[in-house]
Amino acid sequence: MKKLLVGTILAGVVVIGAACSNNASHSSMQGHDMSNMNMKEENTTKDSSKQLPLAINTEVLSGKEINLTAKEALLQINDKVKLPVYTYNGSVPGAQIRIKQGDRVKINFKNELPEPTTIHWHGYPVPNSQDGVPGVTMNAIKPGETFTYEFTATVPGTYFYHSHQDSSKQLDKGLYGTLIVEPKNEEKVDRDYTLVLDEWMSNPNEGNMHMSGMDHSNMGHGNSSDNQHMDMSNMGHDMSMYDIFTINGKSGSAVKPLKVKKGEKVRLRLVNAGYMPHKLHLHGHEFKIVATDGQPLKDPQPIKDELLNIAPGERYDIEFTANNPGEWLLECHGNMKGTDGMKVKIQYEGATNNTDKANAKEDLRIVDMTKYGKHELGQFTLDQKYDVEYTMDLGTAMGKDGMVYTINGKTYPETAPVNVKKGDLVKVTLVNSSPKDLHPMHLHGHFFQVLSKNGKPIAGSPLIKDTLNVKPGEEYVVAFKADNPGNWMFHCHDLHHAAAGMVTEVKYKDYKSDYTPNPNDTTNKPE
């Protein structure tokens, strides 16, 4: 059974456009995508002085010691667009790290990029020294340097890793990969696929996204000469320059189909590494949402023809039984230019009928996660006593150099931290006062329980998350226990907003770090 599971995991990576998979000890040409072999390896960036290699297919790395290298490449997104990217181990997404709950893992990281970088383990409760935030937990790793991350895999689930150095730019360049922690007593599935969602600019030079030239903090205030007279109610971050949506670095027909057999149990791990929410529709099947942000849901009920809205930084695991032979789509719904590219075929082996049609503009109901699953009390309640209470007013404003995103009227590093001591019970109220902008708020080092939305208690399964999407006008109350000492970021995971100020920190009063930031070091760019 063990061999079968590993085989289906590797097959899962193979067929999603990440077509060649290795584990730590061997490589295989099986399933290798030969379609790029005869392509001209021209560099599509006219101003580049060097030839970049084509990005390879995502590999799977397992074991207790992993080697990762950040380096440049060219990514063939579809038959028309090839872009310069940053990669982990030469692929976008970077190598999938698959480890077992309880294992202590060592990740040996080398930076071969032309600029400093780090790795942040998104959603994972690592020790603070391993969190990978430059200027907060470590110095950025300079070109040619190495760093070894070490932590114990305590909590199973679906996570991802990415740069936290100048991250609004480096994630946009493709610098992310997935981290899967397999539980000790895992419920076996027949197919296990990981799908990473992202958005790209088809012409990054015109979009001002060149490696050295992208300033996300000035995005979104338009091209009008009337910017200085802008009505606050019209302020919003314009994302229309992102005209290609991808699944595992591929778009449209370049996305490799997911193969299934009738009767199989299929798990899809959905990870949003981009800066926009995406509403996904699974055609032809009932499915259950079994986990969010790696944390299981209580007694999830089957749903069909409802949209699962996945915000930046969020992860959802869904499962379905392959009981409807044919060819079906998992597709993004919406009307943006890139929407049509974010879809993947689910193909039954041996089936010939193909009757499914895309319906990306159909208005379907969105799953309400506050009412999903069986209701029961979690670790925290609204009316219990808390040691620390903090209200986070998330806002949009015009700064002297362009649009800024604020927490309680301040931008980082001037934002007031959430001061805690170990063992404190902490309640945070998140209020989105921005007129138009979504704010997917991400807490490092901890999981929090969502207690209420707009004053109404959560009516479904206890909702344990590390990233929560707060829409304009919404208010959420969340709670967590301060059980992981350190200095931890709490920020918006539309990283343009973080780069423009929407960051604070959870600071433990009794924590003494081995790392002392140099206030004069301009290398570290934590957001």
Side-chain angles (χ1 to χ4, degrees), residues 120-138 164 167 293 295 313-314 378-395 404-434 439-453 463-470 474-495 497-513 515 517 526-527:
H120 165 61
W121 310 98
H122 180 105
Y124 216 73
V126 298
N128 192 238
S129 63
Q130 307 300 298
D131 197 43
V133 181
V136 177
T137 68
M138 64 180 294
H164 224 288
S167 51
D293 293 353
Q295 309 315 299
E314 284 189 316
Q379 182 179 0
F380 303 101
T381 60
L382 281 166
D383 53 4
Q384 73 183 75
K385 183 179 182 299
Y386 287 92
D387 302 294
V388 176
E389 298 190 16
Y390 185 104
T391 297
M392 199 177 286
D393 190 324
L394 310 170
V404 295
Y405 295 91
T406 61
I407 295 177
N408 298 332
K410 304 283 188 182
T411 57
Y412 187 75
E414 304 306 320
T415 48
V418 185
N419 291 310
V420 302
K421 61 182 184 295
K422 188 175 182 182
D424 278 351
L425 303 184
V426 186
K427 183 169 80 172
V428 178
T429 302
L430 300 159
V431 183
N432 187 347
S433 301
S434 294
H439 297 309
M441 298 303 294
H442 172 55
L443 173 61
H444 288 208
H446 305 75
F447 299 105
F448 52 76
Q449 182 182 338
V450 185
L451 299 179
S452 69
K453 176 184 178 181
L463 202 51
I464 313 299
K465 296 181 64 60
D466 55 68
T467 306
L468 179 64
N469 193 30
V470 189
E474 287 185 340
E475 175 182 306
Y476 284 90
V477 175
V478 305
F480 66 95
K481 185 176 182 179
D483 56 4
N484 192 5
N487 298 316
W488 301 99
M489 281 202 155
F490 201 158
H491 65 93
C492 183
H493 219 272
D494 179 334
L495 296 173
H497 299 174
M502 192 169 278
V503 180
T504 189
E505 289 181 57
V506 173
K507 289 192 169 183
Y508 282 68
K509 300 171 188 173
D510 43 1
Y511 178 69
K512 295 286 187 291
S513 175
Y515 169 70
E527 275 306 339

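Computed over heavy atoms, backbone and side chain alike; hydrogens, waters and symmetry mates excluded.
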Tell me, do [X] and [Y] make a side-chain contact under 4.5 Å, heavy atoms counted?
X	Y	result
Ser129	Ser513	no
Met502	Thr406	no
Met392	Val428	yes
Lys509	Asn419	yes
Pro526	Met489	yes
Asn128	Tyr515	no

Supply the atom-to-atom distance [X] [atom1] to [Y] [atom2], rounded to the nearest 0.5 angstrom.
X	Y	atom1	atom2	value
Leu430	Asn469	CG	CG	11.0 Å
Asn487	Thr137	CG	OG1	9.0 Å
Gln130	Trp121	CD	CH2	9.5 Å
Lys427	Thr391	NZ	OG1	8.5 Å
Lys481	Asp387	NZ	CG	10.0 Å
Leu451	Phe380	CG	CZ	8.0 Å

Open item on the list: For a side chain to side chain contact (heavy atoms under 4.5 Å, CB included) check, start with the C-alpha distance between Tyr476 and Leu468, then their side-chain angles and the critical distance, and finish with the verdict.
Closed with: CA-CA 9 Å; Tyr476 284 90; Leu468 179 64; 3.6 Å; yes
Open item on the list: Centroid separation under 6.0 Å, is that true for the rings of His122 and His444?
Closed with: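 Judged by ring-centre distance (under 6.0 Å), His444 and His122 do not meet the cut-off.
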So, for [X] and [Y], which heavy atoms are closest and what is the spacing to 0.1 Å?
X	Y	result
Thr411	Ala500	CG2-O, 4.0 Å
Ala482	Val420	CB-CG2, 3.9 Å
Pro125	Gly445	CB-O, 3.8 Å
Gly123	His120	N-NE2, 4.5 Å
Thr415	Gly501	CG2-O, 4.4 Å
Tyr386	Thr381	OH-O, 2.7 Å

State whether the side chain of [X] and the backbone N or O of [Y] hold a donor-acceptor pair below 3.5 Å, judged by distance alone.
X	Y	answer
Asn432	Glu474	no
Asp424	Lys421	yes
Asp466	His446	no
Thr504	Ala416	yes
Asn484	Val126	yes
His493	His442	no

- [ ] Report the C-alpha distance between Leu394 and Cys492 in whole Å, list the side-chain angles of each, state the deciding distance to 0.1 Å, and finish with yes or no for side chain to side chain contact (heavy atoms under 4.5 Å, CB included).
- [x] CA-CA 9 Å; Leu394 310 170; Cys492 183; over 6 Å; no
Open item on the list: Test of understanding: with side chain to side chain donor-acceptor pair (under 3.5 Å), list the residues that count as partners of Tyr124, not counting sequence neighbours.
Closed with: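 Scan of Tyr124 (side chain to side chain donor-acceptor pair (under 3.5 Å), adjacent residues dropped) gives none.
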Task: Derivation and outcome, side chain to side chain contact (heavy atoms under 4.5 Å, CB included), residues Gln384 and Leu425 - done: CA-CA 10 Å; Gln384 73 183 75; Leu425 303 184; 3.5 Å; yes
TODO: Name the orientation class of the two ring planes belonging to Phe448 and Phe490 (parallel below 30°, tilted from 30 to 60°, perpendicular beyond 60°).
DONE: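 Phe448 and Phe490: parallel rings.
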- [ ] Let me know which of Leu443, Ile407, Val503 forms a side chain to side chain contact (heavy atoms under 4.5 Å, CB included) with His491.
- [x]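 That would be Val503; it is the only one of Leu443, Ile407, Val503 passing the side chain to side chain contact (heavy atoms under 4.5 Å, CB included) with His491.
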- [ ] Would you tell me whether Asp494 and His439 have side-chain atoms, one donor and one acceptor, within less than 3.5 Å of each other?
- [x]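 Asp494 vs His439: no donor-acceptor pair found between side chains.
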Task: Residue pair Asp131, Trp488: steps toward the side chain to side chain contact (heavy atoms under 4.5 Å, CB included) verdict - done: CA-CA 8 Å; Asp131 197 43; Trp488 301 99; 3.5 Å; yes
- [ ] Evaluate the criterion salt bridge (charged side-chain N to carboxylate O under 4.0 Å, His left out) for residue pair Lys453 and Glu475; output intermediate values, then yes/no.
- [x] CA-CA 6 Å; Lys453 176 184 178 181; Glu475 175 182 306; over 6 Å; no
